[in-house]
Protein chains: 2
Amino acid sequence: MKRRNTHSTAEIFEVLKSSGNALSHDMIQENIGSDIDRATIYRVLNRFCEDGKVHKVIGDDGKQYFAICHNCSGKNQVHSHNHIHFRCLHCGKVECLERDLAVPLPEGYVAKVHNLVISGFCNSCS
Amino acid sequence: MKRRNTHSTAEIFEVLKSSGNALSHDMIQENIGSDIDRATIYRVLNRFCEDGKVHKVIGDDGKQYFAICHNCSGKNQVHSHNHIHFRCLHCGKVECLERDLAVPLPEGYVAKVHNLVISGFCNSCS
DNA sequence: ATATTATCGCAACAAGGTCGCATTATGAAT
DNA sequence: ATTCATAATGCGACCTTGTTGCGATAATAT
Ligand SMILES: [Mn+2]
Ligand SMILES: [Mn+2]
Ligand SMILES: [Zn+2]
Ligand SMILES: [Zn+2]
């Protein structure tokens with residue numbers, strides 16, 4: 001299962017990188033030049049996640065958002081990013097607030113995945 | 001639009017209360033005695049939310065979970081609960097960790113809704 | 001008891017995401 | 001350069017979660 005370099009993967013990664021934010025599937029499809037199938041986009045994104053190049057967040061709208069990983073060592077499927085994400089209710093932007101958050105859990109609880117989203121109005125929209 | 005007391009509302013609220021956790025639609029349908037239609041359950045739950053009796057969390061599985069509000073003054077549709085929720089990857093339980101969390105946002109950002117979920121293994125499953 | 005209308009049940013719908021499968025095209029081997 | 005194995009794609013079908021329209025039912029007030 002060695003990865004291949006395809007047009008799709010290159011373009012999708014480029015869109016994610018140049019955006020700098022977390023993007024949903026349809027945001028990616030809009031910002032992309034060529035026509036790439038929905039299923040392909042999801043498959044590419046999930047592959048990126050497996051490879052530790054990208055992480056996924058579920059928004060409070062129930063949609064999946066994908067953002068490039070920074071300082072992400074592990075290549076595991078689940079690389080926990082314990083930072084907050086902010087989703088603007090006006091412009092739709094979803095960004096990673098890179099400041100890490102220490103979350104205290106009760107005794108005996110083991111955290112595997114952090115999915116922290118705050119929605120509201122961003123600095124450009126408030 | 002005055003609310004009426006129906007079997008459905010009573011039963012659903014009772015299930016939520018006796019459970020003590022945040023429940024998804026299908027969890028409610030399982031734990032309920034009678035047969036209540038899916039659409040009705042959602043409508044009842046959304047009414048509860050509007051009335052400030054219940055709050056909703058989107059899990060990292062993309063599903064909606066509903067939990068009874070404690071210390072919730074406002075009757076607004078959006079009553080922000082800035083506490084963490086924990087979803088157990090083994091037993092499926094979703095609970096409100098009632099300890100409030102102070103989240104620092106960058107200048108100019110206005111928080112409206114908090115959707116904070118950590119998944120992993122609870123004390124009974126770790 | 002009657003009237004009003006909030007709520008219900010059912011079916012249809014919509015959105016987001018996944019999967020199976022035949023086809024394409026990447027990267028390695030010759 | 002050609003051939004080969006198979007990763008990746010496109011398309012359609014499918015699934016799950018949740019919402020909506022509408023006629024039927026039942027909760028409350030008079
Ligand atoms: Mn992030
Ligand atoms: Mn809660
Ligand atoms: Zn904005
Ligand atoms: Zn558990």
Side-chain angles (χ1 to χ4, degrees), chain A residues 1-16 22-51 53-67 75 77 87 92 94 113 115 117 119, chain B residues 1-16 22-51 53-67 75 77 87 92 94 113 115 117 119:
Chain A
M1 3 189 126
K2 203 149 145 250
R3 299 272 124 103
R4 294 179 180 177
N5 294 332
T6 69
H7 293 142
S8 306
T9 56
E11 262 192 288
I12 293 173
F13 194 78
E14 181 53 35
V15 167
L16 282 177
L23 301 181
S24 64
H25 149 260
D26 45 296
M27 288 169 170
I28 293 175
Q29 207 158 36
E30 286 170 10
N31 294 12
I32 224 166
S34 55
D35 256 1
I36 306 183
D37 189 72
R38 221 169 29 147
T40 300
I41 296 185
Y42 279 116
R43 282 192 273 232
V44 167
L45 290 169
N46 289 330
R47 247 180 282 148
F48 284 167
C49 283
E50 289 171 18
D51 297 348
K53 299 168 70 177
V54 159
H55 63 282
K56 183 203 298 200
V57 195
I58 309 295
D60 56 324
D61 53 358
K63 302 209 286 189
Q64 303 182 349
Y65 291 87
F66 299 86
K75 277 204 194 312
Q77 164 108 19
R87 185 172 73 93
V94 176
V113 178
N115 200 91
V117 180
S119 52
Chain B
M1 1 189 132
K2 201 146 148 256
R3 298 274 125 101
R4 293 180 181 177
N5 294 333
T6 69
H7 292 142
S8 306
T9 57
E11 264 193 287
I12 294 173
F13 194 79
E14 182 52 36
V15 167
L16 282 176
L23 301 182
S24 65
H25 148 260
D26 45 296
M27 289 169 169
I28 293 175
Q29 207 158 36
E30 285 169 11
N31 293 13
I32 224 167
S34 55
D35 254 2
I36 306 183
D37 189 72
R38 231 183 26 200
T40 301
I41 296 185
Y42 280 117
R43 282 192 272 230
V44 167
L45 290 169
N46 288 331
R47 247 179 281 147
F48 284 167
C49 283
E50 289 172 18
D51 298 348
K53 300 168 70 177
V54 159
H55 63 282
K56 183 203 299 198
V57 196
I58 309 295
D60 56 325
D61 54 358
K63 303 210 286 190
Q64 303 182 349
Y65 292 87
F66 299 86
K75 277 203 193 313
Q77 164 108 21
R87 186 172 72 93
V94 176
V113 178
N115 200 89
V117 180
S119 53

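In what follows, chains are A, B, ... by sequence order, proteins preceding strands, each numbered from 1.
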Which part of the nucleic acid does A:Asp26 contact within heavy-atom distance under 4.0 Å: base, sugar-phosphate only, or nothing?
-> nothing
Reckon B:Arg3 touches a base, only the sugar-phosphate, or nothing at all at heavy-atom distances under 4.0 Å?
-> sugar-phosphate
Please state how far atom NE2 in A:His25 lies from atom C1' in D:dG10, giving the value in whole angstrom units.
-> 13 Å
Is there a donor N/O on one and an acceptor N/O on the other, under 3.5 Å, for the side chain of B:Arg38 and the base of D:dG18?
-> yes
Whole-Å distance separating the CD1 atom of B:Ile41 from the P atom of D:dT20 = 17 Å
Whole angstrom value for the distance that separates C1' of D:dG18 from OH of B:Tyr65 | 14 Å
Is there a side-chain contact between A:Phe48 and A:Ile12, using heavy atoms and a 4.5 Å cut-off?
-> yes
Check: B:Arg87 and B:Val57 side chains under 4.5 Å, non-hydrogen atoms | no
Separation of atom CG in B:Asn46 from atom P in D:dT17, rounded to whole Å = 16 Å
How many Å lie between CG on A:Asp60 and P on D:dG18, as a whole number?
-> 14 Å
Kindly say whether, by distance alone, the side chain of B:Arg43 makes a donor-acceptor pair under 3.5 Å with the base of C:dG9?
-> yes
Within the structure, does a side-chain N or O atom of A:Thr6 lie under 4.0 Å from either OP1 or OP2 of D:dA8?
-> no
When rounded to whole Å, the CD to P distance for the pair B:Gln64 and C:dG16 reads 14 Å
Whole angstrom value for the distance that separates P of C:dG17 from NZ of B:Lys63 = 15 Å
Do B:Gln64 and B:Leu45 have side chains that get closer than 4.5 Å, going by heavy atoms?
-> no
Phosphate-side-chain proximity, B:Lys2 and D:dA29, N/O vs OP1/OP2 below 4.0 Å | yes
Shortest non-hydrogen contact from B:Ile36 to B:Gln29?
-> O-NE2, 3.0 Å
Spacing between A:Leu45 atom CG and C:dT18 atom P, to the nearest angstrom = 10 Å
Indicate, with a heavy-atom threshold strictly under 4.0 Å, whether B:Ser24 touches base, sugar-phosphate, or nothing.
-> nothing
Taking the nucleotide of DNA chain D with the closest heavy atom to each, which residue, B:His7 or A:Ile36, is nearer the 5' end?
-> A:Ile36
Going by the angle between their ring planes, with limits at 30° and 60°, are A:His25 and A:Tyr42 parallel, tilted or perpendicular?
-> parallel
Is any side-chain nitrogen or oxygen of B:Arg47 closer than 4.0 Å to OP1 or OP2 of C:dC8?
-> yes
Presence of B:Tyr42 side-chain N/O under 4.0 Å of D:dT19 phosphate oxygens OP1/OP2 = no
